[in-house]
Amino acid sequence: MEGVEEYPYLKDLNAAQREAALQIDGPVMIVAGAGSGKTRVLTYRIAHMVAQGVDPYNILALTFTNKAAREMRKRIETVVGLEARSLWMGTFHSIFARILRVEADKLGYPPNFSIYDSDDSKSLIRTIVKELKLDDKVYKANMVLNRISTAKNNLILSDAYNKSDDIKASDTASGRPEIAKIYDAYTARCFRAGAMDFDDLLLNMYKLLTKFPDALNKYQHMFRYIMVDEYQDTNHCQYMIIKKLAAVNENICVVGDDAQSIYSFRGATIQNILNFERDYPDLKIYKLEQNYRSTQTIVNAAGSVIDKNKDQIKKKVWTSNDLGDRIRVVRSVTDNEEGQFIAQSIFEERMQKQMQNSDFSILYRTNAQSRSLEEALRKMNIPYRIYGGQSFYQRKEIKDLLAYLRLVVNHHDEESLKRVINYPTRGIGKTTMERVIVIASEQGCSLWDVVSNAGSFPILSSAAGKLLNFSTMIRSFATLLQKKDAYEVAIEVAKSTTLLHTLNSDKTVEGISRYENVVELLNGIKEFSEDDTRDIEKNLAVYLQDIALLTDADQEDGDDNKVALMTIHAAKGLEFPHVYIAGLEENLFPNQMSTGSRKDLEEERRLFYVAVTRAEKKLTLSYANTRFRFGQLLPCEPSRFLQEIDQQYLQLDPNNFVGNQVRSNERPTRYGKGPGMQGGVRRPPQKSQRPQVTRGKAVPQHRPQVIPDFVPEDITDLKAGDRIEHQRFGKGQVEQVEGMGEHRKATIMFDEYGKKQLVLRFAKLRFLKD
DNA sequence: TACTAAGCTCTTTTT
DNA sequence: GAGCTTAGTA
């Protein structure tokens, strides 16, 4: 190809990759199988643009995770140099937040708008449900938020939601006719608080582009080249925004793999790929099918599973790599044993093959699974790092300080105000806050407006002084914003609110760690203030908006050599020489919530595909016969995926049962009652989907015993030595009973939980006659 | 109003 | 097991 010698980096690409990288003009779709060098193509594509004289400032590259964005920026920097800094590269949410900050006034938001995370959103929904006097058992925050989120992702505003008969019918059918009202109130309240939730960042971007032609024009010309990674994971709103932005230049390139679409719960739809072909009939499609990452065994095994899906674009992923080892399948008796096995195995591999800790990764379906794995790794002194899970920024002490800072920047931020107004305690209790909330909704103003004018509301008279002190304090912090940097303001807030002092005086292990966390946060703010590698403003408001979109996976790893633990979702885009997939059990992976419909099951299968294709050299699949879940020890059955994998690729552990496992005919019941998730009851799996019952060794069924009636009267003559059973903690032996009458307390040694002290009046116990 | 223990409810995945 | 609510007590 002409001129290629000028760009030595192109030597790193194969023919298909090179074509895709060189085609920088016009609409392009790159269908990239797992491990096919997608990031490499994108990197060199951008490098090539810059080499061709395109100003990086005119390039917009959207990714789904900060990790992916940072990774790509780093790679581009090594090819292009410092110029890469002015690239518009980041997640949808962070790029749009940056733009909306500039354009906020057009939409009626303050430039310092707060970003509500899902906890804030849920808490707001809870308050609204309460205020509307609706049953919070029916209108569960999670469920309502999902519903609102889905609507927003499909560009259905609360007006339209109210007017749509379809929606009304389906909400009524599911027994929740008032969702429209909640949606209304939620939107109004967020707006009143000067806050956007995650979905609003997308939705408002869309509004900006549709309602303000000058803004549309500006960004259409600014983003001459647009690239979207993981296109299969975009939702309708994101699709529409991209379409708008690309409408003038049509230099748009999307990269995706339908087999790795694992975010449909977030509104992602395969429809976007089909729409893309329809919208740009003259588009060029490049298929990257050669896998450079994994052994033949792994590539083929992954293929043998994903082939079972009906919804897919057929493609043949292949590799010229070695055949490699077979995939090991390991059975353990309990989840703890599973952890021990994996830890042991990593230990041995590391020794025998001189591998690094960072060569290993353990993947799982749900965050809760990390606990038993962690324990085992810790016992074997294997350093590990958990990605995702409870994020640093979700810890209480961190949220507290951040809430103060958010409130200083945006006084109207209701969720932050509610969080800190009485922390540390300053005598503003529940009753007072309830009154404040009532006044605010009567007056249609924010909580801050009420708090800072507490004197004018007689009903608040007793607390007025305290409320005013609080608002004066917050205001005084706000005046600092002008003359001091983010770090100085944060320090001042942490000190004057006595937050730092309170934490520092708690000398328990947890207390010290909380204090250290806050100090770490403050250091983070300092770093941010001093960071000059990014071309952005550096005040507190920007910092807050930045970190609102950060997850724990985004913290710098440094040079650490640790085993990586994460959910499969978090593992997307990563690769490791040796991967363990833990918890391959029916109802866990595939997840219970997803075994109802074919679509859901196919998404689980794609998830499995993603997990398997993270492995380069070795893959170990693991499952346990029993697992502690939902507060109970439950029996587990091996995942159907173990049977779906072409058995020729598997190496069965001598003591494992895959293929000849006896299964119970009964599915474990879903926890809790009531209809299933979105829109009614899920169908039970079809008979044919169920793996067949064949001969083999029976697994003991540890079905939890249901104890119908715990009657407190039964235990009036409880005494030391009695064997009892508690509704929650199970069986145990009474060690000591103290106190008289109703106020007696018992110290009980529970078999499962160790020693506990219970107030007998409340304890739901019954005697065991062994 | 603040604090505590007990009880209840949920338990997928992420920005 | 975690996070939240409720009820009782100080």
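Here is how names work: the chains are called A, B, and so on, in the same order as the sequence lines, proteins then strands, and each is numbered from 1. Remember, predicted model here, so these are calculated numbers, not experimental data. No hydrogens, no waters, no symmetry mates; every other heavy atom, side chains included, goes into these values.
- A salt bridge links A:R406 with A:D120; the closest basic N to acidic carboxylate O contact falls under 4.0 Å.
- A donor-acceptor contact under 3.5 angstrom links the side-chain atoms of A:R365 to the base of B:dT13.
- A salt bridge links A:R606 to A:E603: at least one charged side-chain nitrogen sits closer than 4.0 Å to a carboxylate oxygen.
- Counting any heavy atom pair closer than 4.0 Å across all strands shown, A:S94 reaches no nucleic acid atom.
- Contact annotation: A:N153 side-chain N/O to B:dT15 OP1/OP2 distance is not under 4.0 Å.
- Taking every side-chain heavy atom of A:T91 into account, B:dT15 is the closest of B:dT15, C:dT5, B:dT12.
- Using a 4.0 Å heavy-atom cutoff across all strands shown, A:N422 reaches sugar-phosphate atoms only and no base atom.
- Residue A:D199 is out of contact with every strand shown, counting any heavy-atom pair closer than 4.0 Å.
- For A:E585, the salt bridge (Lys or Arg N to Asp or Glu O under 4.0 Å) partners at least two apart in sequence or on another chain are A:R627.
- When each of C:dG1, B:dT14, B:dT12 is scored by its nearest atom to the side-chain atoms of A:R266, the top-ranked nucleotide is B:dT14.
- Listed pair A:T65 / B:dT15 fails the phosphate criterion, with no side-chain N or O lying under 4.0 Å from OP1 or OP2.
- Heavy-atom distances to DNA chain B give each of A:A368 and A:K466 a nearest nucleotide, and the one nearer the 5′ end belongs to A:K466.
- Checking B:dT11, B:dA2, B:dT13 against every side-chain atom of A:T366, the shortest atom distance belongs to B:dT13.
- No contact: A:F92 has no heavy atom under 4.0 Å from any strand.
- Among the nucleotides C:dT5, B:dT1, B:dT14, the one closest to any side-chain atom of A:Y263 is B:dT14.
- Evaluation of the salt bridge (Lys or Arg N to Asp or Glu O under 4.0 Å) rule for A:R605 yields A:E644 as partners, not counting sequence neighbours.
- Checking B:dT1, B:dT13, C:dG1 against the side-chain heavy atoms of A:R371 singles out C:dG1 as nearest.
- Residue contacts shown for A:F64 are limited to sugar-phosphate atoms, with no base heavy atom under 4.0 Å away.
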